[in-house]
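Note: hydrogens, waters and symmetry copies are ignored here, and every other heavy atom, side chains too, is used. Counting starts at 1 for both ligands and their atoms, in listed order.
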Amino acid sequence: MKHNLVLSGLEKRYGDFVALHETNLDIKAGEFVTLLGPSGSGKTTILMSIAGFVAPSSGRILLDGQDVTGLPPERRNFGVVFQGYALFPHLTVHDNVGFPLRARGIRGDQARPKIEAALDMAQLGAFAKRFPRQLSGGQQQRVALARSLVFGPELLLLDEPLSALDRSLRKDFQSEFKAIHRKVGTTFIYVTHDQEEALTMSDRIVILDKGRILQSAPPSELYERPATEFVAGFLGKSNFLRGRITRRADGLAELDAVDLASWASVGRQTMLGAGDHAVAALRPEKIRLHRTEPSGDACSARGRVTELTYLGASVEVTLAVGETRLTATIGAGAIALAEGDEIVASWAPDAAILVEPKQAAA
Ligand SMILES: Nc1ncnc2c1ncn2[C@@H]1O[C@H](COP(=O)(O)OP(=O)(O)OP(=O)(O)O)[C@@H](O)[C@H]1O
Ligand SMILES: [Mg+2]
């Protein structure tokens with residue numbers, strides 16, 4: 001069975017306020033898609049519309065080509081795990097997980113193997129007889145997950161399910177979610193504003209801002225080839241080089257940025273040419289640091305170290321290049337540095353990438 005979900009021109013307005021602008025999104029069967037964006041960007045609005053708890057102002061939701069826009073939540077057969085979507089305190093773990101089956105008239109010998117499989121999958125076998133108050137936050141979250149998957153939903157909708165957990169537990173869960181997703185093969189639509197969570201788990205990340213999709217791509221593509229300044233800044237860190245294009249050659253553009261002359265990949269900004277203003281994103285880890293000017297055709301800039309931040313495996317180095325700040329991330333111990341050192345930064349001609357500037361996207 002293929003369950004392909006399509007959002008077609010989906011829009012949500014509250015009075016004059018547009019929470020979600022006309023949105024189109026195609027989600028493949030079995031895909032792990034993450035909606036990522038700052039607070040208020042419309043992530044929950046999309047998820048709640050898919051679940052059937054929010055009625056869209058216009059547009060359609062299609063499942064396998066069938067219009068489900070007007071169906072009540074209980075007729076959509078989607079699993080949901082929302083933050084604070086509480087367990088029943090008076091039911092054991094076993095009965096909590098079995099609840100959706102009972103609600104569907106599946107009981108006794110028919111229900112038992114399904115409940116056991118769901119408990120196994122979430123590694124809850126040993127806790128079946130306990131009540132929610134006898135479980136840790138992480139264990140409760142696992143019960144919620146088992147409960148949402150027990151009836152074999154076509155689609156699982158998860159809204160920040162890990163936000164209440166501490167960092168190390170969240171990390172464990174990220175790999176667990178991935179493993180469970182692989183095992184059950186259900187489509188997962190996952191909402192978070194944690195970029196690391198999105199990068200590690202998803203087949204595809206959809207970046208939202210102010211009720212619009214800015215870019216939708218696999219994590220590596222989104223990170224390596226961000227389309228806009230917002231995406232480059234929101235997903236990971238980035239330096240932004242701003243200036244006028246002096247010439248174009250072979251998919252590259254030469255940028256006369258203040259204090260920094262650089263080549264950059266043209267990326268999606270293919271319509272820009274000599275004389276146009278442009279912004280290029282340059283990831284800190286693409287920058288190398290040297291005592292003396294490197295040979296070869298790399299781009300380079302001379303600067304002074306203003307700040308060193310130790311991050312464990314790496315060091316973040318801030319350089320003052322004229323009036324411009326440039327941040328580089330280098331391996332700890334790669335080069336001994338002190339604040340005030342004069343140093344040369346270099347990067348490959350295609351390391352920076354032209355992006356759509358923030359104001360143009362607004
Ligand atoms: N019932 C409502 N009435 C009016 N405005 C609403 C309503 N529900 C949501 N909004 C607004 O719609 C916008 C999008 O909200 P949404 O809950 O989708 O954001 P979000 O991306 O999930 O944010 P967060 O990360 O904080 O959960 C917000 O500006 C919010 O204030
Ligand atoms: Mg939300």
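- The shortest contact between atom 23 (O) of ligand 1 and any protein heavy atom is with Gly40 N, 2.7 Å.
- From the protein, the heavy atom lying nearest to atom 26 (O) of ligand 1 is Ser39 OG, 2.5 Å.
- Residue, atom and distance of the protein heavy atom nearest to atom 1 (N) of ligand 1 are Tyr14 CE2, 3.3 Å.
- A cation-pi contact links Arg283 to Tyr223, judged by a cut-off of 6.0 Å to the six-membered ring centre and 45° from its axis.
- Closest to atom 22 (O) of ligand 1 among all protein heavy atoms lies Thr44 OG1, 2.8 Å.
- Cation-pi contact between Arg133 and Phe131: present, with separation from the ring centre below 6.0 Å and deviation from the ring axis of at most 45°.
- Taking the six-membered ring where the residue is Trp, Phe88 and Phe99 present tilted rings, their angle falling between 30° and 60°.
- Remark: ligand 1 and Gly42 share an N or O pair separated by less than 3.5 Å (distance only, no angle test).
- For the atom pair CG (Asp26) and CG (Asn4), the distance works out to 5.0 Å, reported to the nearest 0.5 Å.
- In terms of polar-atom proximity, defined here as any N/O pair under 3.5 Å, Gly37 makes no such contact with ligand 1.
- Shortest contact from atom 25 (O) of ligand 1 to any protein heavy atom: Lys43 NZ, 2.7 Å.
- Per-atom contact check: atom 30 (C) of ligand 1 does not touch the protein, criterion being a heavy-atom distance below 4.0 Å.
- Set against the non-hydrogen atoms of Thr45, the atoms of ligand 1 under 4.0 Å away are 14 (C), 15 (O), 16 (P), 18 (O).
- Here is the list of ligand 1 atoms found below 4.0 Å of a heavy atom in His193: 25 (O).
- Contact check for Thr23 versus Leu208: no side-chain heavy atoms found under the 4.5 Å cut-off.
- Sparse packing is recorded around CD of Glu22, with 12 or fewer heavy atoms of other residues, nucleotides or ligands lying under 6.0 Å away.
- Judged by distance alone, the side chain of Asn96 and the main-chain N or O of Leu91 form a donor-acceptor pair under 3.5 Å.
- For the pair Lys12 and Tyr14, the cation-pi test (distance below 6.0 Å, angle within 45°) is passed.
- Counting the atoms of ligand 1 from 1 in the order shown, those under 4.0 Å from a heavy atom of Phe17 are 11 (C), 12 (O), 13 (C), 29 (O).
- For Thr44, the nearest N, O or S atom to the Mg ion (ligand 2) falls under 2.8 Å.
- Each of the following atoms of ligand 1 lies closer than 4.0 Å to a heavy atom of Ala19: 12 (O), 13 (C).
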The test is ring pair (Phe, Tyr, Trp, His ring centres under 6.0 Å); show your working for Phe32 and Phe177 and say whether it passes.
CA-CA 10 Å; Phe32 195 135; Phe177 272 141; 7.4 Å; no
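- Residue contact check for ligand 1: Gly15 places no non-hydrogen atom closer than 4.0 Å to it.
- Close contacts between ligand 1 and Pro38 involve ligand atoms 21 (O) [criterion: under 4.0 Å to a heavy atom].
- Taking a cut-off of under 4.0 Å to the non-hydrogen atoms of Glu160, the atoms of ligand 1 that pass are 25 (O).
- Distance alone, capped at 3.5 Å, places no donor-acceptor pair between the Thr324 side chain and the Asp259 backbone.
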